[in-house]
Amino acid sequence: MSLRLHGLSTYPLLSTIDDPRDLRRLPREKLLALADELRAFVLESVSQTGGHLSSNLGTVELAIALHYVFNTPEDRLIWDVGHQCYPHKILTGRRDRIRTLRQPGGLSGFTKREESPYDPFGAAHSSTSISAALGFAVGRDLKGADNNVVAVIGDGSMSAGMAYEAMNNAGALGSRMIVVLNDNDMSIAPPTGAMSAYLARLVSTRTFLTLRDIGKGIVRHLPKFVEVGAKRAEEFARGMAMGGTLFEELGFYYVGPIDGHNLDHLLPVLRNVRDAKEGPILVHVVTQKGKGYGPAEAADDKYHGVARFDVVTGKQAKPKANAPSYTRVFADALTAEAGRDERILGITAAMPSGTGLDVFAKSFPKRMFDVGIAEQHAVTFAAGLAAAGYKPFCAVYSTFLQRGFDQVAHDVALQKLPVRFPIDRAGFVGADGATHAGAYDLAYLGCLPNFVIMAPSDEAELIHMVATSAAIDDRPSAFRFPRGEGVGCDLPEIGVPLEIGRGRIVREGTKVAILSLGTRLAAALDASETLEAHGLSTTVADARFMKPLDRDLIRRLAKEHEVLVTVEEGAVGGFGSHVLHALAEDGLLDGGLKVRTLMMPDLFLDHGDQEATMRAIGLDAGGIVRRVFEALGHSAATGEPALRA
């Protein structure tokens, strides 16, 4: 493929497509050239913004074919996860804004209802598309409408139980809908060719679907042993020719596999399933991640998520780190602990590199388990291992652990099983935005009995918390850490378990107390310098634990200071709420103590720079200072100096 880059004028066909109606007016013979332009435009755009690359290069022809065949947005098109939807965004009126992707105030990296009528359902967590599509299909039937509903789901997302729950329900209801399985990694079927494409076109025709229904009706009237034999023969024949027996058992007509990059194969099959009034139907499409871009095709991770990069060389422009990332520090610490304790195991839900467990797996491949996109299973699997006497570390992003909350509550906490939860991407996550924000783990874990919950203030503390979690054998534990690099502190050679439920004083003062949980400690220390300069003697404490709380430390801070400010990178209901509850129980809110809680606001925050977002919502040093001034009645705007206390 010849890539044409640098300027919209070099995309003569794509520049004429302002929405799918323009696409549907193009002659069929021009679609291949349009696909070349669209792939080049995706590549050029992502090279400037960063984002998900390989999955989007793989869906170019599929996005064109779907919008060419179906009458979107009246026909509902739902992309699972959404990180393969850049070609879809470009074709649906967002071409001119695509270079704002994942930038502050720009386009989301995922589908978003507020962004376009062509995004009927927002998605950034996997395996939701079939459930949502079934909802749209049943809603259509209840209204007596006749539009089509199409869900596009990747093979990775099909590893989650929710997808099969939805398919089972859809098959039972019999609602007319189409599921496109985009198989770009799992290789469910062998390479497609002319014969499989012909068979797919054949079995997707309405005539064939009708004949199959007639045949099934006739067989049902035959003696039972003949019916069973005929069914087995049909399943065997179809399985040998095309696969799909599993989907047929769930009540779907299976069509495929077909080449997802060959429009001569895609278009007639999609037209056939569009015009078939039977349903539900599953169309199995095989695509290639990174299609058309050599570096992405050759990379082990297929350039799934990239920073800005040079198109010619493929080299990513990642800024030089001043300190190791929290993820890497965790991975090295866990690997070191596992070298001393053979009972330590690693578990992740399709995120080995994201959680750092790929590092662990290099040293202990037989003690590392990637269960696929199945957070619920990951948690209960870990619970079973804990009950069997092992020390499982179930490493999951904060936003994804939400999906396993029932299992955390019922299978882990209720039974006091010592599952360890390293929670990555806690707090703000930058360009991934609200769908991936790690805002809620303190609140949803903090309400559960039997839990130990920790948050390190720096990467050295993280190493100690890995050791602490490994040492806790009588109950579950969790420790959360943010995305990005640490503060650059000296790292201990070996982690030392902390005393459970004990914080520490980092700086002594007399007037103001700042009690921080997690990596906002650096901002708290910066704020104390400013407060001292204004004559406000300030104590800074590192809570270390949200559960159990250091009640002695909290009582001391409350009794010895006029102002107490808690700081956390979490939502309402987290650390600050627990501190307030403790103060109320101990009767420490009845006097003159001025308490303020600083946390993430009670709203979903869009994507943006992490530190800029901190400043905007007042979780930086300046925001802490302003809250102290407000508590004392000083002017927050002028920062009027106070008399030294």
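These figures come from a predicted structure and were not determined experimentally.
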| query | Can you name the closest pair of heavy atoms from I78 and A132 and give their distance? | reply | CD1-C, 4.1 Å

| task | Any chance you could measure L531, atom CG, to I514, atom CD1, to the nearest 0.5 Å? | result | 5.5 Å

| query | More than 12 foreign heavy atoms under 6.0 Å from CG of D490: is that the case here? | reply | no

| field | Partner residues of R94 under the salt bridge (charged side-chain N to carboxylate O under 4.0 Å, His left out) criterion, sequence neighbours left out | value | E115, D119

| note | Shortest non-hydrogen pair, P392 vs P418, comes out as CD-O, 4.2 Å

| task | Could you please spell out the steps behind the side-chain contact (heavy atoms from CB on, under 4.5 Å) verdict for D406 and Q376? | result | CA-CA 8 Å; D406 178 64; Q376 293 171 295; 5.7 Å; no

| said: Between D441 and S398 (side chain of the first, backbone of the second, donor and acceptor by atom type, cut-off under 3.5 Å), is there such a pair? | reply: no

| said: Show, in sequence, the C-alpha distance, side-chain angles and deciding distance for R403 and S126, and conclude whether the side-chain contact (heavy atoms from CB on, under 4.5 Å) test is met. | reply: CA-CA 10 Å; R403 311 187 81 181; S126 81; 3.5 Å; yes

| query | Judged by atom type as modelled, is there a donor-acceptor pair below 3.5 Å linking the side chain of T539 to the main-chain atoms of G509? | reply | yes

| said: For the backbone of L536 and the side chain of T538, can you confirm whether one donor and one acceptor N or O come within less than 3.5 Å of each other? | reply: yes

| query | Do R504 and S457 have side-chain atoms, one donor and one acceptor, less than 3.5 Å apart? | reply | yes

| Would you say the side-chain atoms of E568 pair up with the backbone N or O of F575, donor to acceptor, closer than 3.5 Å? | yes

| Under the salt bridge (charged side-chain N to carboxylate O under 4.0 Å, His left out) criterion, do D552 and R502 qualify, and how do the steps go? | CA-CA 9 Å; D552 291 338; R502 284 287 176 257; 3.6 Å; yes

| task | Taking all non-hydrogen atoms of both residues into account, name the closest pair between S528 and L525 and its distance. | result | OG-O, 2.6 Å

| field | L445 vs R480 side-chain heavy atoms within contact, under 4.5 Å | value | no

| Atom OG1 of T327 and atom CZ of F481: how far apart are they, to the nearest 0.5 Å? | 5.5 Å

| S537 side-chain N/O to T510 backbone N/O, donor-acceptor pair under 3.5 Å | yes

| message | Determine whether R551 and E585 satisfy the following criterion, salt bridge (charged side-chain N to carboxylate O under 4.0 Å, His left out), listing intermediate values before the conclusion. | response | CA-CA 11 Å; R551 301 285 287 259; E585 280 196 327; 3.2 Å; yes

| Side-chain donor/acceptor of T92 to backbone N/O of K89, under 3.5 Å | yes

| query | Using 30° and 60° as the class limits, which term best fits the ring planes of F121 and F136: parallel, tilted or perpendicular? | reply | perpendicular

| query | For M454, which of M465, K547, E461, H464 qualifies under side-chain contact (heavy atoms from CB on, under 4.5 Å)? | reply | M465

| Just by distance, do the side chain of E459 and the backbone of V487 share a donor-acceptor pair under 3.5 Å? | yes

| Just wondering, do F360 and T348 contact through their side chains at under 4.5 Å, heavy atoms? | no

| request: Could you tell me which non-hydrogen atom of A443 sits nearest to which non-hydrogen atom of V572, and how far apart they are? | output: CB-O, 4.0 Å

| task | For V379 and V419, run side-chain contact (heavy atoms from CB on, under 4.5 Å): C-alpha distance rounded to whole Å, both residues' side-chain angles, the deciding distance at 0.1 Å, then the answer. | result | CA-CA 8 Å; V379 172; V419 176; 5.9 Å; no

| said: Taking side-chain contact (heavy atoms from CB on, under 4.5 Å) as the criterion, tell me which of L491, D458, T468 meets it with I463. | reply: L491

| Residue pair F421 / F451, side-chain heavy-atom distance below 4.5 Å | yes

| message | Contact between L564 and L583 at the side-chain level, heavy atoms closer than 4.5 Å - yes or no? | response | yes

| task | Check whether any side-chain N or O of N56 sits under 3.5 Å from a backbone N or O of Y86 as a donor-acceptor pair, and report yes or no. | result | yes

| field | Reported CG-to-SG distance for the pair L357 and C394, which is rounded to 0.5 angstrom | value | 9.0 Å

| request: Find the distance between OG1 (T111) and CD (Q84) and round it off to the nearest 0.5 Å. | output: 8.5 Å

| message | Just verifying a value: how many Å separate L515 CG and L553 CG, rounded to the nearest 0.5 Å? | response | 6.0 Å

| Counting N and O atoms only, with roles assigned by atom type, does the side chain of S127 sit under 3.5 Å from a partner on the main chain of S157, one being a donor and the other an acceptor? | yes

| field | Nearest non-hydrogen partners of G354 and R425, listed with the distance | value | O-NH1, 3.0 Å

| query | Would you call R507 and E532 a salt bridge, using N to O less than 4.0 angstrom? | reply | yes

| message | Tell me if a side-chain donor or acceptor on Q402 pairs with a main-chain N or O of T399 at a distance below 3.5 Å. | response | yes

| field | salt bridge (charged side-chain N to carboxylate O under 4.0 Å, His left out) evaluation trace for R99 with E44 | value | CA-CA 9 Å; R99 289 184 179 88; E44 180 184 9; 3.5 Å; yes

| salt bridge (charged side-chain N to carboxylate O under 4.0 Å, His left out) between D550 and R555: does it pass, once the steps are laid out? | CA-CA 9 Å; D550 189 339; R555 279 191 288 268; over 6 Å; no

| task | Let me see the working for H581 and L549 under side-chain contact (heavy atoms from CB on, under 4.5 Å), right down to the final yes or no. | result | CA-CA 11 Å; H581 180 73; L549 282 172; over 6 Å; no

| request: Please examine the side chains of T128 and M162, heavy atoms only from C-beta on, and report whether any two atoms are closer than 4.5 Å. | output: yes

| Enclosure of Y390 OH (heavy-atom neighbours >12, cutoff 6.0 Å) | no

| L498 CG to F479 CZ distance, which is reported to the nearest 0.5 Å | 11.5 Å

| Would you call Y326 and T519 a side-chain contact if the rule is heavy atoms closer than 4.5 Å? | yes

| said: Is the shortest side-chain heavy-atom distance between H534 and V628 below 4.5 Å? | reply: no

| said: Hydrogens and angles aside, do D424 and T355 bring a side-chain donor and acceptor to less than 3.5 Å of each other? | reply: no

| So does R483 pair up with E569, basic N to acidic O under 4.0 Å? | no

| Is there a side-chain contact between V396 and M351, using heavy atoms and a 4.5 Å cut-off? | no

| What is the minimum heavy-atom distance between A374 and A349, and which atoms define it? | N-CB, 4.1 Å

| query | Under the side-chain contact (heavy atoms from CB on, under 4.5 Å) test, which residues partner E611, sequence neighbours left out? | reply | R520, D609, M614, R615

